[in-house]
J.: 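Mind looking over this structure? Questions follow.
Only heavy atoms go into these numbers, but all of them, side chains included; no hydrogens, no water, no symmetry mates.
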Amino acid sequence: MMCISQFTHLNLKTEYSLMRSTIRINKLVKKLKEIGYQACAITDFGNLFGAIEFYQAMKKEGLQPIIGMVANVVPNIQFEQEVPSYQAHEITLLCQNKQGYRNLSYLASLGYTEGKFRGVPHISHYMLEEYSEGLIALSSGLTGEVGNCLLNGNTIADTIAQWYQDVFEGRYYFEIQNHGLSEQQKINSQLFILSKKLSIPLVGTNSCHYLSQNDAFSQHIWELIGEKKQLNANSSIQTDQRYLKSIKKMAFTFQDFPKEIIHNTSVIAEQCRLSLDNSHFYLPTFPTKTGENHNTLLSSKTKNGLEKRLKETYQIHAPQYPFEIFRQVYDERLEFELETIIQLQFSNYFLIVADYVNWMKLQEIPVGPGRGSSAGSLVAYALGITNVDPIHYNLCFERFINPERNDFPDFDIDFGNKERKRVFDYIRGKYGEKNVCQIAIFHRLEAKGILREVSKVLGFSDLEADKIAKRIPNKLGINLQESIQEELELALMEQKGTENEQRLIKLAKSLEGLCTTLGVHACGIVIFDRDVREIIPVCTSKKNITLSMFRMKYVEDQGGVKFDCLSLKTLSKMENILQRINQQGSPGSPLMLENIPLNDSGTFQLLCRGDTDGIFHVGSNGMKRLLRKIQPSKIEEIVSILALYRPGPLGSGMVDDFIQGRHNENQIVYLHPLLESVLNETYGVFIYQEQVMR
């Protein structure tokens, strides 16, 4: 075990303290290692958004992560009615162990689900009393309850301090800070006196909000963007000392203070030994009849489903050989898939997905035919999860589930957008309201957005700001530096523009890509076998939707199983169109999507003309141009076009090769004769993973 003998930062905010800090986790960890730190805490305001990302980044570099949070604390009141009459105060909470992490997760969650007021999460004294085990509490200096009492001459400071000491039972510290503020000097001297009187130890922190001292101004601009204010004489920086100081500089900062405040940072760091490594999935058990085995149930449902599918498929394709021969390849493939799924213990997962997909169909909610690698599964086809025959289209099961890896498969389920709430309510009702949540995302200001926002803060008019932002080339994912290299006017502005223009470019580059606001993942939903808060903390969106505090990757790292349920307007529109057609058509023979022929000449003429406004995936101007160039005449070419219209293929020359081969098949050159059978469908171009696998 690493021995920590020097100063440790115990109060540090990252970009996940939305619009208040400019510290990015990857750069933070690199800096910590560079200047010789062995450990560091993350203490974002009211949330644990970055906890797992920080934990993993620190562990990867051999550093000790300390997971914490700065919470807004109010007295024991009814939040929605009484918060305005009370001033919230901060408390810094650090996890000692797994129990402390679990309690901090509950507190962070409760701050959102029960204590959110005007978008800010709060917790109460009652909550702290209930969830204090395994947590170390620091008083939070000026912004803490005790510090505020001392600053304002309130005589109950010692009573409040004693209450915290009783709740945290020897795990409560007075937090000493020295950012050069006169108010801090005033309360620090009083904290020394109170420390001796109540036997409460002292610890020094620096409340880091930016990595280096030179970043103080850009962090100030970042806060002004969040507050929607302009830079002026009344919005000057209070201090430039809230940066990640080295051990030597922290010793200098506290040179006039008792040595214990430095030493106690290491004492606390030694106590905060927490492992968040995880290899377990917290997937609920699909409800079955008493004693019924999930593997047996899956096999039974799949084989019954395949029988129905095969009869329909045989009639559609009408092969020139008997049904028993036709079905042989299906039976062999099904046995292989079932054996793999059962071996990897995925039966339960397949049953859960099949259940809510088929429930949607029974409720006449439009459901997509299947998207992504899941279309390669015959089991999914037999269960009704997908509606694409993987045998007919030569799709590989191994692309969906690799027998050599134990990763959960990923179904992309599309359904009508009008029924989103009904679908999620069904899932919550089946597995428990507290066991289900959606997934958080974090919006970021990219090149155009950050230019506009910094322009406003610096006093540019809206017209000027818009004009500058429009100089960013319309390229997907292009950043400011790349834009400056491509756009001469931006380059001149950076090098020879007015002082304000040069400052704009410099600030925008430093702030580009930082997290701004919390959002909701378009399709991700997580189902646990227990209360979500026992595994990960939750928060709430502006519309009060319960979300994971972590991004998708880190939810999965902590054992959450993600289900993709994407609500699409297109499916609802298609359903409405079908209903209108059937209302006007002949009774008794309704038109169904799955029965529409895939070789309709009129449809292909429309596609070749590029008359595709409002059609999912092919309605953009770029896609229209591609359709006109390729002139598709069969469904396989439409599939190829959809695969090719992505940044990688568009920039690699693959699209040009495909177009040339499409119109001049006799000029296609195969590198080896064996490749012709694999690539003839795509005119000599490798487009699909299945082609490589074959």
J.: Can you see which heavy atom on L490 is nearest to which on I468, and at what distance?
T.: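 Shortest heavy-atom separation between L490 and I468 comes out as CD2-O, 4.3 Å.
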J.: Just so I know, are the side chains of N358 and V367 near enough to count as touching, which here means a heavy-atom distance under 4.5 Å?
T.: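 No. Closest side-chain heavy atoms not under 4.5 Å.
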J.: Is a side-chain N or O of E575 found less than 3.5 angstrom from the main chain of P366, in a donor-acceptor match?
T.: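 No, E575 side chain to P366 backbone: no donor-acceptor pair under 3.5 Å.
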J.: Would you call E486-K475 a salt bridge at under 4.0 Å N-O?
T.: yes
J.: Mind listing the closest non-hydrogen atom pair of A57 and I25 along with its distance?
T.: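 Minimum heavy-atom separation between A57 and I25: CB-CG2, 4.0 Å.
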J.: Which of parallel (below 30°), tilted (30 to 60°) and perpendicular (above 60°) describes F400 and F397?
T.: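 F400 vs F397 ring planes: perpendicular.
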J.: I'd like to know if R422 and D425 make a salt bridge, using a cut-off of under 4.0 Å between side-chain N and carboxylate O.
T.: no
J.: Counting C-beta onward and ignoring hydrogens, is there a side-chain heavy-atom pair between L298 and H294 closer than 4.5 Å?
T.: no
J.: Using a 3.5 Å distance criterion without hydrogens, assess whether the side chain of N599 forms a donor-acceptor pair with backbone atoms of K634.
T.: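 No.
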J.: Taking all non-hydrogen atoms of both residues into account, name the closest pair between V532 and V538 and its distance.
T.: CG1-CG1, 3.4 Å
J.: Go through the steps for K448 and N474 under the test side chain to side chain donor-acceptor pair (under 3.5 Å), then give the verdict.
T.: CA-CA 10 Å; K448 286 187 179 181; N474 288 317; 2.7 Å; yes
J.: Just by distance, do the side chain of K361 and the backbone of G384 share a donor-acceptor pair under 3.5 Å?
T.: yes
J.: Step by step, work out the salt bridge (Lys or Arg N to Asp or Glu O under 4.0 Å) result for E15 and R444.
T.: CA-CA 10 Å; E15 62 172 318; R444 299 171 185 274; 3.1 Å; yes
J.: With a 4.0 Å cut-off, would you call E487 and K470 a salt bridge?
T.: no
J.: When F411 is tested against each of S374, C565, S373 for side chain to side chain contact (heavy atoms under 4.5 Å, CB included), which residue passes?
T.: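 Checked S374, C565, S373 against F411; only one passes side chain to side chain contact (heavy atoms under 4.5 Å, CB included): S374.
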J.: Do any N or O atoms from the side chain of N304 and from the backbone of S300 form a donor-acceptor pair under 3.5 angstrom?
T.: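 Such a contact is found between N304 side chain and S300 backbone.
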J.: Under a 3.5 Å threshold, yes or no: a donor from one side chain and an acceptor from the other, between N479 and E512?
T.: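 Side chains of N479 and E512: no pair found under 3.5 Å.
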J.: Hey, does the side chain of R662 reach the backbone of Q631 with a donor-acceptor pair shorter than 3.5 angstrom?
T.: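 Yes, because the side chain of R662 sits within donor-acceptor range (under 3.5 Å) of the backbone of Q631.
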J.: Report yes if some heavy atom in the side chain of N680 is under 4.5 Å from a heavy atom in the side chain of Y670; otherwise report no.
T.: yes
J.: Write down the atom of A440, the atom of L518, and the distance for their closest heavy-atom approach.
T.: CB-CD1, 3.7 Å
J.: With rounding to the nearest 0.5 Å, note down the distance linking CD1 in I630 to CD1 in I659.
T.: 5.0 Å
J.: What do the steps show when you test E398 against F336 for side-chain contact (heavy atoms from CB on, under 4.5 Å), and what is the final call?
T.: CA-CA 11 Å; E398 290 83 356; F336 165 70; 3.5 Å; yes
J.: Below 4.5 Å, heavy atoms only, C-beta onward: do L480 and I505 meet side chain to side chain?
T.: no
J.: Starting from the C-alpha separation in whole Å, work towards a yes-or-no answer on side-chain contact (heavy atoms from CB on, under 4.5 Å) for I527 and K430.
T.: CA-CA 10 Å; I527 311 173; K430 195 171 189 78; over 6 Å; no
J.: Which atom pair, heavy atoms only, marks the closest approach of T603 to D600?
T.: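 Answer, listing the atom of T603 first, then D600: OG1-OD2, 2.7 Å.
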J.: Does any N or O in the side chain of N582 come within less than 3.5 Å of the main-chain N or O of L591, such that one atom is a donor and the other an acceptor?
T.: yes
J.: Within a radius of less than 6.0 Å around CZ of R646, do more than 12 heavy atoms belonging to other residues, nucleotides or ligands occur?
T.: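 Atom CZ in R646 is not packed in, count stays at 12 or less.
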J.: CG of L566 to CG of D412: how many Å apart, nearest 0.5 Å?
T.: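 Nearest 0.5 Å value for the CG-CG distance: 8.5 Å.
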J.: Is atom NZ of K418 surrounded by more than 12 heavy atoms (other residues, nucleotides or ligands) closer than 6.0 Å?
T.: no
J.: Taking atom NZ as the centre, does K467 end up with more than 12 heavy-atom neighbours from other residues, nucleotides or ligands that are less than 6.0 angstrom away?
T.: no
J.: When you look at CG of L476, are more than 12 heavy atoms from neighbouring residues, nucleotides or ligands closer to it than 6.0 Å?
T.: no
J.: I'd like to check I641 versus P632 (side-chain heavy atoms, cut-off strictly below 4.5 Å). Are they in contact?
T.: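 When only atoms from C-beta onward are counted, P632 and I641 do touch, with a gap below 4.5 Å.
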J.: Kindly compute the distance separating CG (L351) from CZ (F346), expressed to the nearest 0.5 Å.
T.: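 The CZ atom of F346 is 13.5 Å from CG of L351, to the nearest 0.5 Å.
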J.: Can you find a heavy atom in the side chain of L338 that is under 4.5 Å from one in the side chain of V379?
T.: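 A side-chain contact under 4.5 Å exists here.
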J.: I'd like to check Y683 versus D657 (side-chain heavy atoms, cut-off strictly below 4.5 Å). Are they in contact?
T.: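 Y683 does not reach D657 side chain to side chain.
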J.: Around atom CZ of R625, are there more than 12 heavy atoms of other residues, nucleotides or ligands at under 6.0 Å?
T.: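 Open: at most 12 neighbouring heavy atoms sit under 6.0 Å from CZ of R625.
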J.: In sequence, state the C-alpha distance, the side-chain angles, and the governing distance for F408 and L283, and then conclude on side-chain contact (heavy atoms from CB on, under 4.5 Å).
T.: CA-CA 11 Å; F408 260 94; L283 187 68; 3.9 Å; yes
J.: Taking the side chain from D557 and the backbone from E53, do they hold a donor-acceptor pair closer than 3.5 Å?
T.: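 Between the backbone of E53 and the side chain of D557 there is no qualifying donor-acceptor contact (under 3.5 Å).
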J.: Just by distance, do the side chain of S377 and the backbone of A380 share a donor-acceptor pair under 3.5 Å?
T.: yes
J.: Does D611 reach the main-chain N or O of L606 with its side chain, forming a donor-acceptor pair under 3.5 Å?
T.: no
J.: One pair to check against side-chain contact (heavy atoms from CB on, under 4.5 Å): R371 and D414. What are the steps and the verdict?
T.: CA-CA 8 Å; R371 180 165 48 84; D414 302 326; 2.6 Å; yes
J.: K573 and N417: side-chain donor and acceptor closer than 3.5 Å?
T.: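 Distance-only check fails for K573 and N417.
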J.: Roughly how far apart are I536 CD1 and F528 CZ, rounded to 0.5 Å?
T.: 4.0 Å
J.: Please give me the minimum heavy-atom distance between T386 and R309, naming the atom from each residue.
T.: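 Of all heavy-atom pairs spanning T386 and R309, the closest is O-NH2, 2.9 Å.
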J.: How long is the straight-line distance from OG1 of T517 back to NE2 of H443, given to the nearest 0.5 Å?
T.: 4.5 Å
J.: Decide if atom NZ of K624 counts as having more than 12 heavy atoms of other residues, nucleotides or ligands within a radius under 6.0 Å.
T.: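 Check passes, neighbour count above 12.
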J.: For a quick check under 3.5 Å, do Y426 and Q363 share a side-chain donor-acceptor pair by atom type?
T.: no
J.: Under 4.5 Å between any side-chain heavy atoms of F350 and P409, yes or no?
T.: yes
J.: Near K562 NZ, under 6.0 Å, is it more than 12 heavy atoms from other residues, nucleotides or ligands?
T.: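 For K562, atom NZ is crowded (more than 12 foreign heavy atoms under 6.0 Å).
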J.: Under a 4.0 Å threshold between the charged nitrogen and the carboxylate oxygen, would E489 count as salt-bridged to R471?
T.: yes
J.: Compute the centroid of each ring, for F424 and then for F563, and state whether the two points are separated by less than 6.0 Å.
T.: no
J.: Between CZ of R551 and NE2 of H521, what distance do you get to the nearest 0.5 Å?
T.: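 R551 CZ to H521 NE2: 10.5 Å, rounded to 0.5 Å.
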J.: Whether the side chain of Y645 engages the backbone of L650 through a donor-acceptor N/O pair (distance < 3.5 Å, no angle test) should be reported.
T.: no
J.: Does E364 have more than 12 heavy atoms from other residues, nucleotides or ligands lying within 6.0 Å of its CD?
T.: no
J.: With a 6.0 Å cut-off on the ring centroids, do Y554 and F49 count as close?
T.: no
